[in-house]
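Below is one structure, written out as structure tokens, with a few remarks after it.
Letters A, B, ... are given to chains in the order of the sequence lines, protein chains preceding strands, and every chain is numbered from 1.
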Amino acid sequence: MNIYRVGWLAKLLALITMGFLMLPLAAVIPVSFTGKRYLSMPEGDWSLRHYIALFNSSEWIGSIMNSAIVAISAALLATLLSTAFVIAVWYRNNQWTRWLIGLCMLPLIVPPVVSAMVLYFMTTNVSHIAPSLGYDSLPGVILAHTLLIVPFGVINMLVAISRVDRRIELAARNLGAGLWQTTWMVLLPNLRLSMLTTFLLCFILSWEEIAVTLFITSWEVITLPRQIWSGLRDNVDPVVAAISTLLIILTLTLLFLRMAIQGWRAGQQHP
Amino acid sequence: MSQSRIRLERVTKRWDATTAVDGISFDVTPGQFVILLGPSGCGKSTTLRMIAGLEEASDGQIHIGERDVTRLPPGDRGLSMVFQSYALFPHLSVADNIVFGLRSRKVPKDEQRQRLAKVAGLVDLTDYLHRKPAQLSGGQRQRVALARSIISEHPICLMDEPLSNLDARLRSDMRREIKALQSRLNMTVIYVTHDQVEAMSMGDRVILMQHGKIVQDGTPDELYNRPASAFAASFIGSPAMNLLPLEAGKEGAVIVGEPHTPVAPLEAVGGQLGIRPEDIALSTTSTTGVPAMVVSDEYLGADTIAHVTVGNHNVRVRMSGKHALAGQPCRLYWARENAHLFAADGLRRDDLTPTPLPRSPHSIPRPPVVGSFQH
């Protein structure tokens with residue numbers, strides 16, 4: 001019964017699609033090693049000068065630091081919030097919680113530009129009261145990013161918690177564990193790895209966020225995508241290719257890490 | 001000892017419009033092994049969960065010992081519970097699973113270790129204490145679940161279909177093991193199952209439920225020999241009791257479609273006659289008894305189930321040994337004390353006695369106890 005075996009045409013199409021998707025990314029890698037001052041393919045003049053320039057530039061390093069702070073903080077916040085949310089939903093589990101889940105997903109269906117507009121008005125208004133939390137501030141960007149990525153965290157954690165057998169909660173209560181003990185001793189240990197993968201997912205999402213960041217920052221908080229954006233607009237600098245190469249490597253590493261964690265967990269559950 | 005007495009008084013559970021448990025009362029004496037038996041959705045598991053405190057009773061009272069525990073949290077009721085599909089904690093080792101209850105109750109570490117060693121020996125898990133539940137077989141997981149509940153040393157253990165995930169062979173071993181453990185530790189057990197074989201073989205007392213109400217509450221023997229209703233009759237025993245509707249004949253009530261043999265007084269008309277397959281004698285040579293026709297036979301090794309038609313009805317007859325009778329006319333006979341009469345509403349009628357059949361063709365050796373060929 002190999003009626004559904006993959007034919008050569010399908011394989012070819014898959015390869016072409018893959019090439020179509022991957023080649024622009026791959027092209028960035030040689031470009032980053034060009035010896036020239038402008039974006040070009042290296043013609044025998046391979047050089048690391050743009051990598052050196054990258055690490056010597058306080059602007060670039062500063063933007064990487066900003067992005068790291070924003071992404072780590074936003075991912076932590078989003079992971080904690082989504083974990084707390086799904087635990088509450090799991091304990092309550094009634095028609096209201098279903099509405100709440102829907103409400104949580106709303107930021108997903110709003111177009112990014114609309115979110116950006118709304119957040120722009122919100123942060124500028126907050127700035128009147130607390131400038132350190134509002135427009136063009138680190139906490140402001142962190143909160144805005146958290147808002148954007150929480151739905152993804154909630155989806156990831158809902159999938160994880162739905163795999164937890166409800167009877168183990170009953171068993172824990174029968175064995176004398178209260179709500180907190182059940183949460184700490186039973187529920188959270190079973191969600192540990194999912195919290196880690198949620199964190200990685202949220203980190204990547206915040207790290208790459210550009211649309212909203214463009215609206216809510218001007219020159220104090222320059223994140224990496226924003227720096228790339230201005231690098232491309234002002235003068236086409238091959239440093240952009242160098243940073244892109246590093247980003248590709250970082251993203252691939254995180255993705256593989258996430259896959260490895262999930263694979264390890266699957267192996268642990270079904271030895 | 002009296003702290004392991006369990007008393008339910010008109011306990012009710014309602015969810016919106018549906019009533020899952022409808023005002024049931026019973027009283028379990030210490031050391032008893034009580035089975036809550038019934039088809040799925042009859043309210044038996046809900047009843048158990050209300051006793052455990054995992055489900056709140058909408059109405060009525062639950063007493064354990066001298067205390068009214070109706071509103072107490074599950075951890076304060078002084079009972080342990082074994083769950084269907086074990087409900088082990090997947091992230092904890094066998095040892096940590098077993099001592100979970102001691103740890104959440106902050107029992108000193110030394111005592112935890114002692115009690116763990118004792119209980120692990122009791123259920124034969126000493127060599128597996130460091131494994132995770134995922135690395136155990138079904139039977140071993142079952143033992144962990146048992147150990148986790150008995151280590152609490154509560155005098156009461158509630159069991160919710162604990163054997164339903166095991167294969168048939170292991171199940172019969174575990175039945176005996178649980179029963180032995182119960183009498184050794186002198187526990188009061190309430191055991192929920194839909195499996196009549198478990199009910200008959202393990203229970204000191206069986207409470208049969210249907211639609212949230214108790215249908216019959218008695219010893220396995222009473223349930224088998226004096227079923228309180230047509231439902232109880234058909235639920236206990238395998239194959240199920242034959243239930244034949246009665247109509248008026250010339251000399252009394254007759255089976256519908258078989259007008260010549262009176263089987264009960266006229267007052268039984270409209271109700272049903274019940275006879276267990278193992279209480280019917282089938283003869284192809286006799287000229288007395290109820291005329292019937294063998295349609296097919298199922299050979300099961302130790303015995304044969306013959307499917308015969310009487311009037312318009314199918315009747316199962318259990319015979320020991322191997323018989324090939326399909327297509328033959330025959331006569332059926334049963335002793336009067338083995339025939340049961342049920343009223344139109346399904347309740348047992350003790351005010352009437354079935355009419356004796358003409359004559360026994362030969363003596364009927366009674367086959368082994370119910371369900372012995374299953375599981």
Requested in this report: Please step through side chain to side chain contact (heavy atoms under 4.5 Å, CB included) for the pair A:Asn174 and B:Leu79, ending with a clear verdict.
Outcome: CA-CA 8 Å; A:Asn174 171 255; B:Leu79 47 79; 3.6 Å; yes
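- In this structure, the portion of B:Arg49 lying under 4.5 Å from any heavy atom of chain A is its side chain and not its backbone.
- In this structure, A:Tyr91 places its OH atom where more than 12 heavy-atom neighbours from other residues, nucleotides or ligands lie under 6.0 Å away.
- For A:Met65, the CE atom is loosely surrounded, since the number of other residues' heavy atoms within 6.0 Å does not exceed 12.
- Taking OG of B:Ser80 as the start and CG of A:Leu175 as the end, the distance is 8.0 Å to the nearest 0.5 Å.
- More than 12 heavy-atom neighbours from other residues, nucleotides or ligands sit within 6.0 angstrom of CZ on B:Arg71.
- The most heavy-atom pairs under 4.5 Å with chain A, out of B:Ser85, B:Ala52, B:Pro133, B:Ser149, come from B:Ser85.
- Counting heavy-atom pairs closer than 4.5 Å to chain B, the top residue among A:Ile168, A:Thr182, A:Val164, A:Asp165 is A:Ile168.
- Scanning residues 86-107 of chain B against chain A with a 4.5 Å non-hydrogen threshold yields B:Ala87, B:Leu88, B:Phe89, B:Pro90, B:His91, B:Phe100, B:Gly101, B:Arg103, B:Ser104, B:Arg105, B:Lys106, sorted by number.
- Residue-environment remark: CH2 (A:Trp96) stays at or below the threshold of 12 foreign heavy atoms within 6.0 Å.
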Query - Intermediate values then yes/no, side chain to side chain contact (heavy atoms under 4.5 Å, CB included), B:Met81 and A:Leu170 - result: CA-CA 9 Å; B:Met81 185 158 173; A:Leu170 299 182; over 6 Å; no
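- Atom CD of A:Glu169 is separated from atom CG of B:Leu54 by 8.5 Å, given to the nearest 0.5 angstrom.
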